[in-house]
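Scroll down for the structure; my scribbles are underneath it.
Order of the sequence lines fixes the chain letters, A, B, ..., with proteins taken first and strands second; residue numbering starts at 1 for each chain.
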Amino acid sequence: MRVLGIETSCDETAAAIVGPDGIESDVVHTQEVHARFGGVVPELASRAHVEKLGVVVRAALEQAGGAPPDAVAATAGPGLIGAVLVGLSWGKALAAGWAVPFVGVHHLEGHLLSALLEPSAPDFPFLGLVVSGGHTTLYLARGLGDYQVLAQTVDDAAGEAFDKSARLLGLGYPGGPRIDALAAHGDPRAVSFPRPAPGGLDWSFSGLKTAVRTHVLSSSRASDEDVCASFQAAVVDCLLDRVQRAAEQTGVRRVALCGGVAANRELRERAAALPKLQVYLPARSRCTDNAAMIAGAGRLRLLRGERHDLDGVARPSWGLA
Amino acid sequence: MRERLVCATEAQTLALGVALGSDAFAGMVVCLNGPLGAGKTVLTRGLARGLGLSGTISSPTYQLVAIYEGGRLPLWHADLYRLPEGADLQDLALDHAMEGVLVVEWAERSPEELPSEHLWVDLEILSHGRALTFQARGRHYHATVERLGDLRR
């Protein structure tokens, strides 16, 4: 079964085809309109999705040989309602036009299962760390649709801590890649940043952001490279500490990383080096929002026989587990 | 009507939020302003507890809006941090929040897009603790600010 996936829940307008042999095409258009404003503009985001989606879907179909797919999957939530509706409505209309089945996909299930699109994919059960600007959650994925939250942030997401700390350092937006680049030339022991443990396996990154602020305003401010290296080491320590403890508690040794922060160089290197764990890392280009992950997750559900009515609605706040 | 309260600890900011949430009414709008790390999300977490919500209240910076149901009133938690100044908020569908409580972080970025009657809160970072100034904008909020002032006495 060849599935067209569509993703418009945030800043990326994306379409992709995934078939039995894997990814046939994967087209992502990132909205430059946001870079100009230094952030997302909800109304512009929806309009830009409307303007770009036709071109993006056509490119995905052409790159995959031009034949219509056997089914369509689109992100149905969570996300900005206006933005989600663009892709969802397009997906339903295409499915109706081609007279093929349709499924709505949970954006985070797409991320969580993105490791399954790689040549070396984990079997269930596996631990899935979804770590991005909006999310920091560790799931136990027992099977398709059978997920348990083992840990989550009680305040800021890890990617948000990167972006806000970069803003405090005056590094600009997006902050993650800039901190990553500077950290490579800094000393991770230069500044002692906190590694909070709010209870259980949960994370807290809000205090880390405040600690960066306090340090930046202090009289003994270290170089940007050293601050970035120390900050990044603290975030990665916290993330991997919980992953290791979750693996010990559950006995599950397979770990998949996904989401935008999974593109971070230090997180990837140190995760891959964790003893006793098999770590699965998606290609860096597929850590951020894309439609291949939506096509992939949708395809698994379609193969299981799931079909959604065309009158299904967008779900702006949809829980995964 | 205005009250300035100093919170020495995060727990005190949280407790102030709980008091605010216990006092919340349908249609209440709370605008939070202050630098990164001033405690806007902490105050909102307290407010959620005061509404009887027990789950995690995390930062809505990336989602822009998070909706929590299951408390005495639904809580809409919005964050304008990533938006340009004066952005049109129509797509956030905040008008749907009017049957519950709407909290807006970084409200100063688009004040004219928000309901004209609201509770305006400025959070300042002090060398030890935080100062929170509550301002009633609209007669519905006078009693709220008065009761918050009573907490100090």
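- Between the NE2 atom in A:His135 and the OG atom in B:Ser58 there is a gap of 9.0 Å [rounded to 0.5 Å].
- Looking at A:Lys209, only its side chain comes within 4.5 Å of chain B, counting heavy atoms on both sides.
- B:Ile125 CD1 to A:Thr210 OG1: the interatomic distance, rounded to the nearest 0.5 Å, is 6.5 Å.
- Between B:Gln63 and A:Leu80, the closest side-chain pair of non-hydrogen atoms is not below 4.5 Å.
- The shortest non-hydrogen separation linking A:Arg213 to B:Leu36 is CD-O, 3.6 Å.
- Smallest separation of non-hydrogen atoms from A:Asp11 and B:Arg82: OD2-NH1, 4.0 Å.
- For chain A, the nearby part of B:Ile57 is the backbone; its heavy atoms alone come within less than 4.5 Å.
- Interatomic distance, B:Lys40 NZ to A:Ser206 OG, rounded to the nearest 0.5 Å: 9.5 Å.
- Counting heavy atoms from C-beta outward, B:Ser59 and A:Asp156 have side chains that approach closer than 4.5 Å.
- Of the listed residues (A:Asp163, A:Thr214, A:Thr153, A:Thr136), the one with the most heavy-atom contacts under 4.5 Å to chain B is A:Asp163.
- Put simply, the side chain of A:Arg167 reaches to within 4.5 Å of the side chain of B:Tyr81, judged on heavy atoms.
- For A:Arg221, the CZ atom sits in a packed shell: over 12 heavy atoms of surrounding residues, nucleotides or ligands are nearer than 6.0 Å.
- Few gaps surround CD on B:Glu113; more than 12 heavy atoms of other groups in view lie less than 6.0 Å from it.
- Options A:Leu168, A:Val154, A:Asp202 differ in how many heavy-atom pairs under 4.5 Å they form with chain B, and the most are formed by A:Val154.
- B:His142 NE2: more than 12 foreign heavy atoms inside a 6.0 Å radius.
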